[in-house]
J.: 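Sharing a structure, written as structure tokens. Questions coming.
Just follow the structure's listing: the first ligand is 1, and inside any ligand the first atom is 1.
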Amino acid sequence: MESYPNLRGDYSHMAADYTIAQDWANYTEKEHARWRMLYARQAKLLKRFAAQEFIDGTATLDAGDGIPDLEVASARLSRATGWRLVAVPGLIPEMDFFAHLARRQFPVTNWIRKADEIDYLVEPDIFHDFFGHVPLLFNPVFADYMQLYGEKGAEANERGTAKILVRLYWYMVEFGLIRTDNGLKAYGAGMLSSAAETKFSIEDKSPNRLRFDLKRVMRTSYKIDDFQETYFVLDSFDELFEATRRDFAPLYDLVQRQPEITPDRVVAGDRVITLGDGSWKHRRAAAA
Ligand code: HBI
Ligand code: FE
């Protein structure tokens, strides 16, 4: 297993595909209460900041009363789009993760963050995975996109371009924005499972917001421990699906021949929706 820095989940008894039993009965009342608090805080923000497709999926899941039983949610989800949820101990190797997506299975971490990690934690917990990722799997186009994305994993691994493919996930699954008749809305799991980044991604003057372009996203690096400096904006989920249907081989060749673009930059050819002033890093430094 590739070395993830100090993994906190229990990886001692999992299946070959990294799945485990969720053991829903083992969650404590304190953990359910923590889930309800996180859920209530995020649910309040959805109407103003989230894409309607995300709001609809959240309503169907109706998981506000406590940590969800993945079997129950899976039954509802598979009726809608044929996706199922599987429990895992936490982060799993990229290739195994891609393989689950290619089989329309979404890996959901079985543990919930501690009380002192409410606002930020490094590894995805069940709140990030379930609240952030599962609602959009009820949307047929996004559900097909996520499987198509997973299918690209094997080729990327053979070509040694998984790092490029992961950028597409980072920017368009974790931190994607979408243009709607009511303005920009968030749909990415990374922002919608974080109160601060949900607001930041839509309202803050600091980040750049650029129109989605597949090659541009593939060229753009990212940092995992702070708000994004650039968000990419879709016109529709169809746009993302159509872009991902393409053969990525020529794109990988192109991207590997060009210099990486750091997340703070805007370059020639970018279709800028809002140009950021980059003030977040100064504000953060001042607050430290
Ligand atoms: N493992 N459980 C889990 N959840 C993820 O979201 C995840 C992962 N392993 C790798 C990974 N994500 C990223 O590299 C994706 O961008 C592929
Ligand atoms: Fe995630």
Side-chain angles (χ1 to χ4, degrees), residues 1-11 14-22 38 42 50 54 57-58 70 83-113 117 120-137 142-143 145-157 159-176 186-194 197-198 201 214 217-218 220-225 227-228 231-232 240 244 248 252 263:
M1 156 108 182
E2 20 193 300
S3 62
Y4 279 107
N6 52 34
L7 278 178
R8 61 196 280 182
D10 175 4
Y11 289 72
M14 55 192 180
D17 62 0
Y18 284 82
T19 55
I20 57 172
Q22 180 188 12
L38 284 163
Q42 276 318 100
F54 187 94
T58 304
L70 299 185
W83 272 81
R84 295 196 58 75
L85 305 177
V86 289
V88 291
L91 282 173
I92 64 176
E94 265 155 16
M95 290 320 298
D96 299 89
F97 186 72
F98 290 139
H100 279 297
L101 299 187
R103 290 201 303 272
R104 288 179 98 88
Q105 287 182 174
F106 193 82
V108 178
T109 291
N110 70 324
W111 50 264
I112 189 166
R113 65 191 72 183
E117 300 175 297
Y120 181 73
L121 76 164
V122 180
E123 277 182 67
D125 71 336
I126 190 165
F127 187 74
H128 167 87
D129 282 341
F130 191 98
F131 187 92
H133 284 285
V134 181
L136 271 189
L137 292 175
F142 199 81
Y145 164 73
M146 286 290 278
Q147 178 175 24
L148 180 62
Y149 175 86
E151 289 165 354
K152 298 273 184 187
E155 171 201 23
N157 192 47
R159 289 175 159 274
T161 55
K163 185 172 171 234
I164 296 174
L165 185 63
V166 167
R167 288 171 176 168
L168 181 57
Y169 191 92
W170 183 265
Y171 280 110
M172 302 323 289
V173 177
E174 295 292 356
F175 292 101
Y187 73 84
M191 67 254 275
L192 286 174
S193 54
S194 150
E197 190 147 9
T198 296
S201 69
L214 182 59
V217 170
M218 286 182 162
T220 311
S221 60
Y222 58 87
K223 296 193 205 85
I224 65 164
D225 56 1
F227 292 163
Q228 306 315 303
Y231 295 99
F232 290 95
L240 181 60
T244 307
F248 279 5
Y252 289 143

J.: Determine the interplanar angle of the Tyr252 and Phe248 rings, folded into 0 to 90°, and report it as parallel if under 30°, tilted if 30 to 60°, perpendicular if over 60°.
T.: perpendicular
J.: Is the contact between Trp170 and ligand 1 made by the side chain, the backbone, both, or neither, using heavy atoms and a 4.0 Å cut-off?
T.: neither
J.: Do any nitrogen or oxygen atoms of Glu94 come within less than 3.5 Å of a nitrogen or oxygen of ligand 1?
T.: yes
J.: Take every heavy atom of Phe98, measure it against each atom of ligand 1, and state whether any distance is under 4.0 Å.
T.: yes
J.: Would you say the ring centers of Tyr149 and Phe98 fall short of 6.0 Å from each other?
T.: yes
J.: Which class fits the ring pair His128 and His133: parallel under 30°, tilted 30 to 60°, perpendicular over 60°?
T.: perpendicular
J.: Less than 3.5 Å between some nitrogen or oxygen of Gly90 and one of ligand 1, yes or no?
T.: yes
J.: Would you find a donor on one side and an acceptor on the other, under 3.5 Å apart, between the side chain of Trp170 and the backbone of Phe175?
T.: no
J.: Restricting to N, O or S atoms of Glu174, which is nearest to the Fe ion (ligand 2)?
T.: OE2
J.: Nearest 10° is fine: what angle sits at the Fe ion (ligand 2) between NE2 from His133 and NE2 from His128?
T.: 100°
J.: Does any N or O atom in Ile92 lie less than 3.5 angstrom from one in ligand 1, N or O only?
T.: yes
J.: Within the distance-only criterion (no hydrogens, no angle test), does the side chain of His100 pair as donor or acceptor with the backbone N or O of Thr19 below 3.5 angstrom?
T.: no
J.: Taking the six-membered ring for Trp, are Tyr171 and Tyr222 parallel (under 30°), tilted (30 to 60°) or perpendicular (over 60°)?
T.: perpendicular
J.: To which of Phe97, Phe106, Tyr149, Tyr18 does the heavy atom nearest atom 7 (C) of ligand 1 belong?
T.: Phe97
